[in-house]
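These figures come from a predicted structure and were not determined experimentally. Order of the sequence lines fixes the chain letters, A, B, ..., with proteins taken first and strands second; residue numbering starts at 1 for each chain.
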Amino acid sequence: MSSVRVRFAPSPTGFFHIGSARTALFNWLYARHTGGTFVLRIEDTDKERNSEAFLNVIYDSLTWLGLNWDEGPKVGGSFGPYRQSERTDIYKVYLKKLLDGGRAYEKDGAIWFKLDGERYEVFDEHRKKTVTKVRRAPTVIEDRIRGHVERLEDEDFVIFRSDGNPVFHFVNVVDDISMAITHVIRGEDHLSNASKHVELFKAFGTSVPEFAHIPLILKQNGPGKMSKRDQGALIEEYQRRGFLPEALVNFLSLLGWNPGDDREKMPVAEIVRLFDLPGVNQSNARFDEKKLAHMNMAYLLELPAEQFVAKAREFFERQNVATALAADTGYFADVMRLAQPKVKAIDELPGYTGYFFTEDFPIDEKVKAKVLGKGDPKARLREVAEALPGWDLANDTAIEEAIKALAAKGGFGFGDYQAIVRLALSGTNVGPSITGMMRVMGRERVQARIGRFLATA
RNA sequence: GCCCUCAUCGUCUAUCGGUUAGGACAGGAGAUUCUCAAUCUUCAAAGCGGGGUUCGAUUCCCCGUGGGGGCGCCA
């Protein structure tokens, strides 16, 4: 085990979104790559906005994505507790250090961090008020991704609110010190805060951790970074829609990082092996749901059939679309196996396979008009209905051969039967092969559907 | 307004001074197939602008411009 200790420090103030997931992922990847420790810390100092429900969303989402934490809530560790709301004693100790060292003072009921340097007053045009500034040199941030960054931190800032609760900058730094965090990997939106943090680290007399400010994920359309309200922003949504977590992880890893060559689809173990800070980009990346969908499809295609069926079963049950017919697990599995190579996502399944599970499926009138408008398809269908009792429906090739033989007799081709049989069995013109459909539906159901179609259409 | 940061096809990106600027998604065309997908082939598509440095800049520097972030007793 290396000495690397990274942390993911979300606050449970809303649903877990894709930017947070990516930050968690990069931290996790770095920990796993270096053989270090991945710490989960809950930053719940804002009592007004925190909720227990959102806390569970964080645990669920991380678990679903496979980002297991070595220390943190639920698993414990020797640097706990891991929820900031339970660390108030630690914060008091650290505050006392600052107070005793003359690096903090009280004003307006709050406690402020005192920067070193000479003070002077100036009118701030933007904020329309007089502020006290400190004459001092810019703070230097050595960032593993950004390089050398300088920023002038010239105003004291609040570290304890007047209600007695510590603020983010303070607890963040204190916890990083007390949890022995070595690498701070977080979004670039914190780069401007980093100067405050560096000053705090210096005031505590501790070494500053390595910083790595990763690029942000921008919303797909329009300006700005991805926020909770944007389309596709919530991890929970992908979970609900039956996306494969490994596909999402693979996609997310490529947003702001690359292995240095053309490889894109990689098992997570390979990403862990290749991931490193120098491979992280500096520029923001725009979220692309089409590419995610493609990645998901690629993973879905190679998923072992049993797993695909299980995923489908879970989705059908959760969406409450299971019918009496779908309750037949053997039949359900056969249908799903037929659909696996054809769909791009699990949530397409109910729509794509609906007609398998009910006799009351709709007939697409446009398709019907088109199919019936060419030649005499109903005659072909009648031939199938008559020949069907003698066919072997055990496998697709046998069915295909039977249809071809039937076609040859009348001087037709397979194609003259395909569309009309499909229409009679499914009511539409898209779907799995008709041979597969016939095999899975079975003789009785096929016979009944063709008969009904012939009688009514 | 001030501060920080970034800049290659529509999008994600490769290139660490010398390449016909490569790949992937999306888009077009074709092949294949029982439909639709998938798959295969193929086409179109990029170095923000201006100055430098250099024999040579997408690559290094500066200035613009544009994007992003920050400027709370939120995190």
TODO: Tell which nucleotide pairs with B/rC55, taking only Watson-Crick or G-U wobble pairs whose two distances are both under 3.5 angstrom.
DONE: B/rG18

Task: Rounded distance in Å - CZ (A/Arg263) to C1' (B/rA24) - done: 14 Å

Open item on the list: Before we go on, tell me: are the rings of A/Phe15 and A/His17 under 6.0 Å apart, centre to centre?
Closed with: no

- [ ] Just call it for A/Gly256: base, sugar-phosphate, or nothing, with non-hydrogen atoms closer than 4.0 Å on any strand.
- [x] sugar-phosphate

Open item on the list: Base, sugar-phosphate or nothing for A/Thr428? Non-hydrogen atoms, less than 4.0 Å.
Closed with: nothing

TODO: Determine the contact category for A/Glu188: base if any of its heavy atoms lies under 4.0 Å from a base atom, sugar-phosphate if only primed atoms, P, OP1 or OP2 are that close, otherwise nothing.
DONE: base

Task: Phosphate OP1/OP2 of B/rA75: any A/Arg161 side-chain N/O under 4.0 Å - done: yes

Open item on the list: Can you tell me the base-pairing partner of B/rG1? Count Watson-Crick or G-U wobble geometry only, both distances below 3.5 Å, and say none if there is no partner.
Closed with: B/rC71

- [ ] Kindly say whether the aromatic ring centers of A/Phe356 and A/Phe361 come within a distance under 6.0 Å.
- [x] no

TODO: Identify the two heavy atoms, one from A/Asn284 and one from A/Leu216, that lie closest to each other, and give their separation to 0.1 Å.
DONE: OD1-N, 2.9 Å

TODO: Answer with base, sugar-phosphate or nothing: what part of the nucleic acid does A/Lys344 contact at a heavy-atom distance below 4.0 Å?
DONE: sugar-phosphate

- [ ] May I ask you to evaluate whether A/Arg186 reaches the phosphate of B/rA75, defined as a side-chain N or O under 4.0 Å from OP1 or OP2?
- [x] no

TODO: Looking at every strand, decide which applies to A/His213 at a 4.0 Å heavy-atom threshold: base, sugar-phosphate, or nothing.
DONE: nothing

Open item on the list: Tell me whether the side-chain N/O atoms of A/Thr45 come closer than 4.0 Å to OP1 or OP2 in B/rA75.
Closed with: yes

Open item on the list: Could you check whether A/His213 and A/His190, counting side-chain N and O atoms only, form a donor-acceptor pair closer than 3.5 Å?
Closed with: no

Task: Option from A/Leu25, A/Leu277, A/Thr23 for which side chain to side chain contact (heavy atoms under 4.5 Å, CB included) with A/Ile185 holds - done: A/Leu277

- [ ] Rounded to whole angstrom, note down the C1' distance from B/rA29 over to B/rG22.
- [x] 22 Å

Open item on the list: Base, sugar-phosphate or nothing for A/Phe170? Non-hydrogen atoms, less than 4.0 Å.
Closed with: nothing

- [ ] Classify the nucleic acid contact of A/Glu150 as base, sugar-phosphate or nothing, counting any heavy atom under 4.0 Å across all strands shown.
- [x] sugar-phosphate

- [ ] Give A/Leu301 one of three labels, base, sugar-phosphate or nothing, depending on what nucleic acid heavy atoms sit under 4.0 Å from its own.
- [x] sugar-phosphate

TODO: Kindly indicate whether the side chain of A/Ser162 and the base of B/rC73 share any N or O donor-acceptor pair separated by less than 3.5 Å?
DONE: yes

- [ ] Find the distance A/Gln418:CD to B/rC34:P and express it as a whole number of Å.
- [x] 9 Å

Task: Residue that, paired with A/Glu188, satisfies salt bridge (charged side-chain N to carboxylate O under 4.0 Å, His left out) out of A/Lys225, A/Arg146, A/Arg22 - done: A/Arg146

- [ ] Assign A/Leu191 to base, sugar-phosphate, or nothing according to its heavy-atom contacts below 4.0 angstrom with the strands shown.
- [x] sugar-phosphate

- [ ] Tell me what A/Arg286 touches on the nucleic acid: a base, only sugar-phosphate, or nothing, going by heavy atoms under 4.0 Å.
- [x] sugar-phosphate

- [ ] Figure out the CG/P separation between A/Asn193 and B/rC74, and round it to whole Å.
- [x] 14 Å

- [ ] Assess whether one donor atom and one acceptor atom, taken from the side chain of A/Lys342 and the base of B/rU35, lie less than 3.5 Å apart.
- [x] yes

Open item on the list: Does B/rG70 have OP1 or OP2 under 4.0 Å away from a side-chain N or O of A/Lys225?
Closed with: yes

Open item on the list: Can you confirm if the NZ or CZ of A/Lys265 lies within 45° of the ring axis of A/Tyr299 and under 6.0 Å from the centre of its six-membered ring?
Closed with: yes

Open item on the list: Any base atoms under 4.0 Å from A/Pro432, or only sugar-phosphate, or nothing? Heavy atoms, all strands.
Closed with: base

Task: Atom pair distance, as rounded to whole Å: CG in A/Asp261 and P in B/rA24 - done: 13 Å

Open item on the list: By the 4.0 Å heavy-atom rule, please label A/Asn165 as base, sugar-phosphate, or nothing.
Closed with: nothing

- [ ] Tell me which nucleotide among B/rU11, B/rC34, B/rG70 gets nearest to the side chain of A/Arg422.
- [x] B/rC34

Task: Identity of whatever pairs with B/rG27 - Watson-Crick or G-U, under 3.5 angstrom - done: B/rC43

Open item on the list: Which nucleotide wins on minimum distance to the side chain of A/Trp112, given the candidates B/rA14, B/rC73, B/rC4?
Closed with: B/rC73

TODO: Give A/Asn281 one of three labels, base, sugar-phosphate or nothing, depending on what nucleic acid heavy atoms sit under 4.0 Å from its own.
DONE: sugar-phosphate

- [ ] Remember a base hit wins even if backbone is also touched, and classify A/Ala110 as base, sugar-phosphate or nothing at under 4.0 Å, heavy atoms.
- [x] base

- [ ] Would you kindly give the CG-to-C1' distance between A/Asp163 and B/rC74, to the nearest whole Å?
- [x] 12 Å

Open item on the list: Measure CD/A/Gln282 against C1'/B/rU13 and give the value in whole Å, please.
Closed with: 14 Å

Task: Watson-Crick/G-U partner (both atom distances under 3.5 Å) of B/rC48 - done: B/rG64

Open item on the list: Counting only Watson-Crick pairs (N1-N3 plus N6-O4 or O6-N4) and G-U wobbles (N1-O2, O6-N3), all under 3.5 Å, who is the partner of B/rU8?
Closed with: none

Open item on the list: Between A/Phe316 and A/Phe332, is the ring centroid distance below 6.0 Å?
Closed with: yes

